[in-house]
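These notes are about the structure you will find just below.
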Amino acid sequence: MTTTVGLLYPGHAAEDDFPRIEITLDTDIRLPLFSTEAAEDSYRRGALLESGAPDRLSEGVEELRLAGAEALVWASPGGSFAYGWAGAHNQIATLARSAGLPASSTAFGFVHAVRELGAGRVAVAAAWPEDITALFAEFLEAGGVETVASHSAGLATAAEVAAWEPDQVKELAVAADHPDAEVLLLPDAALHTAASIPELEEALGKPVLTANQVTVWEGLRLTDRRIWAPTLGTLFATRPPAPGTVEPKGIEVRE
């Protein structure tokens with residue numbers, strides 16, 4: 001039986017990672033994608049907030065529903081965590097109500113994925129400016145994840161990030177890593193990473209979570225699908241839950 005996860009992706013940068021992931025899964029998983037439009041390609045908080053506004057997210061809902069989506073994921077980390085933990089929760093709750101489908105975002109997916117790996121301390125390798133990276137660290141903290149180290153490349157737009165070569169991504173990851181970090185996060189959805197996760201994990205000696213990988217995993221989590229795909233990294237090579245185990249799917253807002 002086919003499982004279809006609808007993706008709302010901001011603009012045009014590394015959306016070609018998703019067909020690659022779909023091919024890599026080599027199963028009955030389908031990942032239809034709708035590119036939302038924003039007035040400005042910028043890693044400013046104001047621009048990120050605008051990109052995640054309800055009218056922007058609603059643009060592709062009907063198209064993805066017609067494509068058979070069983071769940072939706074807003075594939076813009078910054079367009080979610082810029083709202084803060086509670087604000088991002090409200091954003092996704094609004095999307096779920098308007099679509100009539102389970103919904104989440106890549107930002108929440110990172111928190112869930114870190115928990116899935118049994119980790120609590122991470123290093124963040126971000127292409128964004130430092131102030132945006134700090135917002136992401138605050139979001140992770142609200143979700144119970146400690147950032148022990150971070151490194152920001154300071155790029156200003158998704159277009160710049162999308163042009164990076166694999167060696168540049170690897171250099172960023174190595175620069176951000178820390179011995180106390182159990183997992184390394186590459187949280188920018190504009191980075192092309194789908195083909196290089198095993199190489200990054202081998203270089204660092206620990207699990208690596210990337211935005212587009214986490215986006216797909218989060219959508220599958222919402223639909224109760226567990227896929228074994230080690231070529232997408234440790235996150236897709238964890239054991240399925242024991243029989244009778246109930247995995248929480250809701251996004252919990254901590255007081």
Side-chain angles (χ1 to χ4, degrees), residues 5 7 13-27 29 31 73 75 77 106-128 133 136-137 139-140 143-153 155 161-162 164-221 225-241 247:
V5 175
L7 307 176
E15 68 268 35
D16 50 329
D17 259 5
F18 296 107
R20 180 186 290 272
I21 291 174
E22 187 175 290
I23 292 169
T24 299
L25 291 174
D26 192 26
T27 62
I29 305 298
L31 304 172
V73 182
T106 306
F108 283 113
F110 273 110
V111 173
H112 296 150
V114 171
R115 293 175 184 171
E116 172 77 4
L117 295 175
R121 300 185 307 277
V122 303
V124 175
W128 313 310
T133 305
F136 182 54
F139 183 88
L140 293 174
V145 177
E146 179 186 0
T147 301
V148 298
S150 66
H151 182 79
S152 300
L155 299 186
V161 177
W164 269 26
E165 298 294 334
D167 285 348
Q168 293 173 284
V169 177
K170 183 176 179 180
E171 288 173 8
L172 176 64
V174 171
D177 193 24
H178 189 281
D180 292 340
E182 299 164 283
V183 183
L184 182 120
L185 276 51
L186 281 158
D188 196 326
L191 282 175
H192 289 89
T193 57
S196 56
I197 297 170
E199 180 184 350
L200 290 169
E201 291 193 333
E202 182 178 0
L204 299 175
K206 64 186 61 175
V208 172
L209 298 177
T210 76
N212 297 336
Q213 164 217 42
V214 163
T215 296
V216 174
W217 179 87
E218 178 71 352
L220 294 174
R221 188 185 70 84
R225 285 295 302 268
R226 297 295 297 267
I227 301 297
W228 175 267
T231 53
L232 291 175
T234 302
L235 181 62
F236 278 86
T238 56
R239 293 183 178 181
E247 294 185 279

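A salt bridge is absent between E165 and K170; no separation between the charged side-chain nitrogens and carboxylate oxygens falls under 4.0 Å.
Within the 3.5 Å criterion, the main-chain N or O of R121 finds no donor-acceptor partner in the side chain of E146. A donor-acceptor contact shorter than 3.5 Å is absent between the side chain of R225 and the backbone of L220. With hydrogens and angles ignored, the 3.5 Å screen pairs a side-chain donor or acceptor of D17 with a backbone N or O of T193. In terms of modelled atom types and a separation under 3.5 Å, the side chain of Q213 and the main chain of T210 share a donor-acceptor contact.
Looking at heavy atoms from C-beta onward, R115 lies in side-chain contact with V111 at the 4.5 angstrom threshold. The shortest distance between side-chain heavy atoms of L140 and V124 falls below 4.5 Å. You'll find the side chain of V183 reaches within 4.5 Å of the side chain of L185, heavy atoms only. The shortest side-chain heavy-atom distance between V148 and V122 does not fall under the 4.5 Å cut-off. Residues F18 and V216 have side chains in contact (heavy-atom distance under 4.5 Å, counting atoms from C-beta outward).
Residues F139 and F110 keep their aromatic ring centres 6.0 Å or farther apart.
Expressed to the nearest 0.5 Å, how far OG1 of T231 lies from CD1 of I197 amounts to 8.5 Å. Rounding to the nearest 0.5 Å gives a distance of 12.5 Å between OG1 of T24 and CD1 of I227. We find the OG1-CG distance between T106 and N212 to be 7.0 Å, quoted to the nearest 0.5 Å. One distance of note links CD of E15 with NE2 of H192; it measures 7.0 Å at 0.5 Å rounding. Distance check, rounded to the nearest 0.5 Å: NE2 of H112 to CG of L117 gives 13.0 Å. Remark: H178 NE2 to K206 NZ distance equals 9.0 Å, nearest 0.5 Å.
In terms of heavy-atom proximity, T133 sits nearest to S150 at CG2-CB, 4.1 Å. Closest heavy-atom contact between L232 and A194: CD2-O, 4.1 Å. The nearest pair of heavy atoms linking G120 to V114 is N-CG1, 4.3 Å. Between P187 and P77 the shortest heavy-atom distance is O-CG, 3.0 Å. Residues A127 and D188 come closest through the heavy atom pair CB-OD2, 3.7 Å. The two residues A181 and A123 come nearest to each other via the heavy atoms CB-N, 3.5 Å.
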| side chain to side chain contact (heavy atoms under 4.5 Å, CB included) assessment of W128 paired with V161 | CA-CA 9 Å; W128 313 310; V161 177; 5.8 Å; no
| request: Determine, stepwise, if the pair L209 / L235 fulfils side chain to side chain contact (heavy atoms under 4.5 Å, CB included). | output: CA-CA 7 Å; L209 298 177; L235 181 62; 3.8 Å; yes
| task | Please assess W228 against F236 for the test side chain to side chain contact (heavy atoms under 4.5 Å, CB included), listing each intermediate value before the final yes or no. | result | CA-CA 5 Å; W228 175 267; F236 278 86; over 6 Å; no
| Please walk me through it: do E201 and T234 pass side-chain hydrogen bond (donor to acceptor under 3.5 Å, both in side chains)? | CA-CA 8 Å; E201 291 193 333; T234 302; 3.0 Å; yes
| request: Please report the C-alpha distance between I29 and L31 in whole Å, then the side-chain angles of each, then the deciding distance to 0.1 Å, and finally whether the side chain to side chain contact (heavy atoms under 4.5 Å, CB included) criterion is met. | output: CA-CA 7 Å; I29 305 298; L31 304 172; 3.9 Å; yes
